There are 2 protein chains.
Amino acid sequence: MPARARDAVGTRDDLLAAARRRFAADGYDRTTIRAVAGDVGVDAALVIRYFGSKEGLFTRAADLDLRLPDLTGVRAGDLSKVLVGRFFAVWEGDDTFLALLRAAATSEVAAEAMRSVFAAQVGPALAAVTDDRAPERAALVAATVLGFAMARYVLRLPPLVDMPRDQAEAWLGPTLRHYLLD
Amino acid sequence: MPARARDAVGTRDDLLAAARRRFAADGYDRTTIRAVAGDVGVDAALVIRYFGSKEGLFTRAADLDLRLPDLTGVRAGDLSKVLVGRFFAVWEGDDTFLALLRAAATSEVAAEAMRSVFAAQVGPALAAVTDDRAPERAALVAATVLGFAMARYVLRLPPLVDMPRDQAEAWLGPTLRHYLLD
DNA sequence: AGTATAAGTCATCGCGTGTTGACACCAGAG
DNA sequence: CTCTGGTGTCAACACGCGATGACTTATACT
């Protein structure tokens, strides 16, 4: 691999990381290609070269993989602990989820991306632990998680911003169990 | 009151209604003053005259009153029914709530407006039925409602879009009771 | 050595935006 | 009949945006 190309791969990834940060912090519309390029110290035209358009950049940057584990065989008592742990990792691991969430409020493309994450990842993973009304149950779990994320990271309601992880788990656990098992 | 002035009051209210509709459908950034003015059949400059700026228009349009009833004396069993009923009325009554929610994802001004609705209306109303950790409990209730609204009206997750009101109440009821009373 | 290929820059275009100030219209008051 | 104040229009400005295409640079391959 040529040295310059190695640099380029780095720049590409830097652009994606900067884009995620910007989209997560400012939403889709307020994020400008110029700002993303500026964060990396590169010209805006290069972003277009690499990703074709702003929407192309977003699509690449907001490609979300929840990495949900296989839940078959997980005991009912451990279910919520596993789920809450996983979702915390996704929220605070990088900015992808927040970027998608913020953008989804405004952009139909982002909303569709969210729906496809739900259909491809959340639904199937949760179907393994419920025997009836699986889509409905999965949607309620998603709504719970979305609401908590919205209140904590976007709206920043004080009581939730400061809430430690284990307390969040203690509150959300019974709710998730209710949606999945009752 | 002069006839012309009566017309003007009508125009003002029409502008606010159109702004609510646009902000609710498109979010803050994608809503243009020209579009709002166009919906009413009026020049964009008039909107500025009346509301000073786009932000002024939004502030007036997104002034949200949840009209939560006094909950003291409501039996524990009826609590969730009252709350869910009230929130459905707010979501589907007009576009104010959705406008605020969509905008809050992007705009710090809108997020602050949301926090103040929470602090001035939701918190106090729910404090009447809980004796400890009231702010925390109220925030969890808010997160639940926000998540459901986000999933149903913004993301449009199919299982929730089609869910009838009484079924939503059956699902959300135990969750709200858990957050308020456990 | 020379050429192709990819990285990156630069100037610029077209467009839509929020906002402004000057103007036109029309009702009611003196 | 004139004046005043509010309603509404019009043309325009300044700005920032996404996007384009021509250009420069430097590396790797033949």
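We name chains A, B, ... by the order of the sequence lines, and we start the count at 1 in each one. The model shown is predicted, which means the values in this text are computed figures rather than measured ones.
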Quiz prompt | From CZ (A:Arg30) to CG (B:Asp29), nearest 0.5 Å | solution = 4.5 Å
Quiz item: C:dG8 phosphate, OP1 or OP2: any side-chain N/O from A:Thr11 under 4.0 angstrom?
Solution: yes
Quiz item: What do the steps show when you test B:Glu92 against B:Arg152 for salt bridge (charged side-chain N to carboxylate O under 4.0 Å, His left out), and what is the final call?
Solution: CA-CA 11 Å; B:Glu92 301 187 347; B:Arg152 183 180 171 103; 3.6 Å; yes
Quiz item: Between A:Gly41 and B:Ala44, who's closer to the 5' end of DNA chain C by nearest nucleotide?
Solution: A:Gly41
Please tabulate, one pair per line, all N/O donor-acceptor pairs under 3.5 Å involving side-chain atoms of residues 175-182 of chain A, not counting sequence neighbours.
| residue | atom | partner | partner atom | Å |
| --- | --- | --- | --- | --- |
| A:Thr175 | OG1 | B:Tyr179 | OH | 2.9 |
| A:Arg177 | NH1 | A:Ser80 | OG | 3.1 |
| A:Tyr179 | OH | B:Thr175 | OG1 | 2.9 |

Quiz prompt | Residues from residues 23-37 of chain A lying under 4.0 Å of DNA chain D - heavy atoms | solution = A:Thr31, A:Thr32, A:Ile33, A:Arg34
Quiz item: Under 4.0 Å between a side-chain N/O of A:Tyr50 and OP1 or OP2 of C:dA6, yes or no?
Solution: no
Quiz item: Nearest-Å distance, CG (B:Asp43) to C1' (C:dC25)?
Solution: 15 Å
Exercise. Using atom CG of A:Leu15 as one end and atom P of C:dA7 as the other, report the distance to the nearest whole Å.
Key: 12 Å
Exercise. Rounded to the nearest 0.5 Å, what's the gap from CZ on B:Phe97 to OH on B:Tyr153? Could you check?
Key: 9.5 Å
Quiz item: What's the CD1-C1' distance between A:Ile48 and D:dC17, to the nearest Å?
Solution: 11 Å
Quiz item: Which nucleotide in the set D:dC23, C:dT19, C:dC10 lies at the smallest distance from any side-chain heavy atom of A:Arg49?
Solution: D:dC23
Exercise. Return yes if some donor-acceptor pair links the side-chain N/O of A:Lys54 with the main-chain N/O of A:Tyr28 below 3.5 Å, else return no.
Key: yes
Quiz item: What side chain to side chain donor-acceptor pair (under 3.5 Å) pairs are there with at least one residue in residues 66-76 of chain A, not counting sequence neighbours?
Solution: A:Asp70-A:Thr72, A:Arg75-A:Asp78
